[in-house]
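Here the structure is laid out as structure tokens; the discussion comes afterwards.
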Amino acid sequence: MIVNYTQQGWSIILQRSHGLLAAQICAHWRKTERPPRWIETVIATAEHDDWGDELATPELNDATSGPVNFKMKKFEITRCDRLLELAFAKGRFVGLLTARHIRFLYSGDAAAKAYCSKLKAKESKWRKEAQVTDQHISASYELLEFCDAFSLLICQGLMQPQGRKMEISSGPDGKKYQVSVSETGNLQVSPWPFEEKSFQVSYESRQLRQLTFSNADEFKEKLLDAKVILHQLTIAD
């Protein structure tokens with residue numbers, strides 16, 4: 001989960017909501033530049049961070065008794081295996097993109113070196129089964145990574161004030177994209193990579209005034225009962 005501290009307490013965004021926002025962004029990519037296996041690319045983007053049931057087993061930080069932010073999570077083989085199992089159940093293409101994402105996240109982690117090497121070694125077989133080239137997979141994953149990065153900027157509230165631009169990521173075309181907030185509150189992306197001149201996206205957060213919890217069960221109860229807030233944004237040229 002994505003955990004933000006606000007004046008009202010914790011603002012918590014579940015990974016599935018962040019993934020859905022990433023997929024909404026992906027779905028508006030310019031039609032002439034969409035990679036092959038488009039629907040599968042959008043689905044993989046929506047589900048790339050479906051690590052587990054966050055509402056069923058929410059975690060607390062032992063040191064602070066507050067929620068565990070996604071950046072605090074370390075590499076766990078069982079979590080990665082489960083994510084891959086669900087992805088490959090949909091098909092080799094979605095599984096390939098998910099495996100790429102795990103490698104992107106953990107390739108610099110010494111504990112995950114052998115695991116990531118194993119995934120890389122299996123890619124050739126998986127690509128053959130999916131009947132796609134490395135170029136096709138790379139184009140789809142680069143788009144997924146762009147949408148993931150954009151969604152995370154939004155969900156973490158990292159947009160800069162006074163119209164200052166910040167980098168999102170490179171797209172599948174190799175271009176570096178930036179985002180800024182206009183005077184009307186719209187998110188402006190440059191250069192413009194989307195089909196429409198403007199479109200709306202949304203995500204949900206859960207608001208908790210209580211900052212610490214006696215145990216995971218109490219946190220789970222409060223999280224399930226928390227007020228759900230719908231955030232709607234316009235992305236415009």
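What you see is a predicted model, and the numbers here were worked out from it, not measured in a lab.
How far OG of Ser11 is from NE2 of His231: 5.0 Å, rounded to the nearest 0.5 Å. Rounding to the nearest 0.5 Å gives a distance of 12.5 Å between CG of Leu97 and NZ of Lys90. Rounding to the nearest 0.5 Å gives a distance of 12.5 Å between CD of Gln162 and OG of Ser180. Interatomic distance, CG of Asp148 versus CG of Leu153, reported as 9.5 Å (0.5 Å rounding). Between the CD1 atom in Ile168 and the OG atom in Ser151 there is a gap of 11.0 Å [rounded to 0.5 Å]. Rounding to the nearest 0.5 angstrom, the gap separating the CG atom in Asn186 from the OG1 atom in Thr234 is 5.0 Å.
For Gln156 and Lys71, the side-chain atoms include at least one donor-acceptor pair closer than 3.5 Å. Tyr141 and His101 share a side-chain donor-acceptor pair at under 3.5 Å. Between Glu47 and Thr98, the side chains place no donor N or O within less than 3.5 Å of an acceptor N or O (distance only, hydrogens not considered).
Using a 4.5 Å heavy-atom threshold, the side chains of Ile2 and Gln15 count as touching. Put simply, the side chain of Phe104 does not reach to within 4.5 Å of the side chain of Ser107, judged on heavy atoms. Side-chain contact between Ile25 and Ile235 is present, with at least one heavy-atom pair separated by less than 4.5 Å. Contact annotation: the side chain of Pro193 approaches that of Trp29 to within less than 4.5 Å [non-hydrogen atoms, C-beta and beyond]. The closest side-chain heavy-atom distance from Phe150 to Cys26 is not below 4.5 Å. Contact of the Cys116 side chain with the Lys120 side chain is not registered, since no non-hydrogen atoms from C-beta on lie closer than 4.5 Å.
The two residues Pro35 and Ala139 make their nearest non-hydrogen contact at CB-CB, 4.2 Å.
For Ser65 (side chain) and Thr212 (main-chain N/O), no donor-acceptor pair under 3.5 Å exists by modelled atom type. Looking only at distances, no side-chain donor or acceptor of Arg37 sits under 3.5 Å from a matching main-chain atom of Ser140. Judged by distance alone, the side chain of Thr45 and the main-chain N or O of Thr41 form a donor-acceptor pair under 3.5 Å. Using a distance-only test at 3.5 Å, with no hydrogens or angles considered, a donor-acceptor pair links the side chain of Arg16 to the main chain of Gly52. Between the side chain of Gln24 and the main chain of Ser202, a donor-acceptor pair closer than 3.5 Å is present. Under a 3.5 Å cut-off, the side chain of Gln207 and the backbone N or O of Lys227 do not form any donor-acceptor pair. With hydrogens and angles disregarded, a donor-acceptor distance shorter than 3.5 Å links the side chain of Trp10 to the backbone of Leu211. Under a 3.5 Å cut-off, the side chain of Arg30 and the backbone N or O of Trp192 do form a donor-acceptor pair. Side-chain atoms of Asp237 never come within 3.5 Å of backbone atoms of Lys197 as a donor-acceptor pair (strictly under, hydrogens ignored). A donor-acceptor contact shorter than 3.5 Å links the side chain of Glu54 to the backbone of Met1.
Taking the charged nitrogens against the carboxylate oxygens, Glu218 and Lys222 have no contact shorter than 4.0 Å, which rules out a salt bridge. Between Glu123 and Arg100 there is a salt bridge, since a side-chain N of the basic residue sits under 4.0 Å from a carboxylate O of the acidic one.
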Step by step, would you call Trp51 with Phe70 a ring-ring contact (aromatic ring centres under 6.0 Å, His included)? CA-CA 11 Å; Trp51 296 98; Phe70 77 103; over 10 Å; no
Steps toward ring-ring contact (aromatic ring centres under 6.0 Å, His included) verdict (Tyr115, Phe75): CA-CA 10 Å; Tyr115 190 89; Phe75 169 72; 5.4 Å; yes
With side chain to side chain contact (heavy atoms under 4.5 Å, CB included) as the test, would you mind laying out the steps for Val201 and Leu187 before giving the verdict? CA-CA 11 Å; Val201 296; Leu187 302 184; over 6 Å; no
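At a threshold of 4.5 Å between side-chain heavy atoms, the hydrophobic network of Ile, Leu, Val, Met, Phe, Trp and Tyr places Val42 and Leu96 in two separate groups. Both Leu84 and Ile77 belong to a single network of hydrophobic side chains, linked directly or stepwise wherever heavy atoms of I, L, V, M, F, W or Y lie under 4.5 Å apart. Criterion: ILVMFWY side-chain heavy atoms under 4.5 Å apart, direct or through other members. Under it, Ile137 and Val94 are not part of a common hydrophobic cluster. In the hydrophobic clustering of ILVMFWY residues, with side-chain heavy atoms under 4.5 Å counting as a link, Tyr5 and Leu152 come out apart. A chain of hydrophobic side-chain contacts below 4.5 Å, direct or via other Ile, Leu, Val, Met, Phe, Trp or Tyr residues, connects Leu143 to Val179.
With a 6.0 Å radius and a threshold of 12 heavy atoms from other residues, nucleotides or ligands, Arg164 has its CZ atom above the threshold. In the displayed structure, Lys165 atom NZ is contacted under 6.0 Å by at most 12 heavy atoms of other residues, nucleotides or ligands.
Classification of the Trp126-Phe88 ring pair by plane angle, with boundaries at 30° and 60°, yields tilted. Aromatic ring orientation, Phe194 versus Phe199: perpendicular (interplanar angle above 60°, classes split at 30° and 60°).
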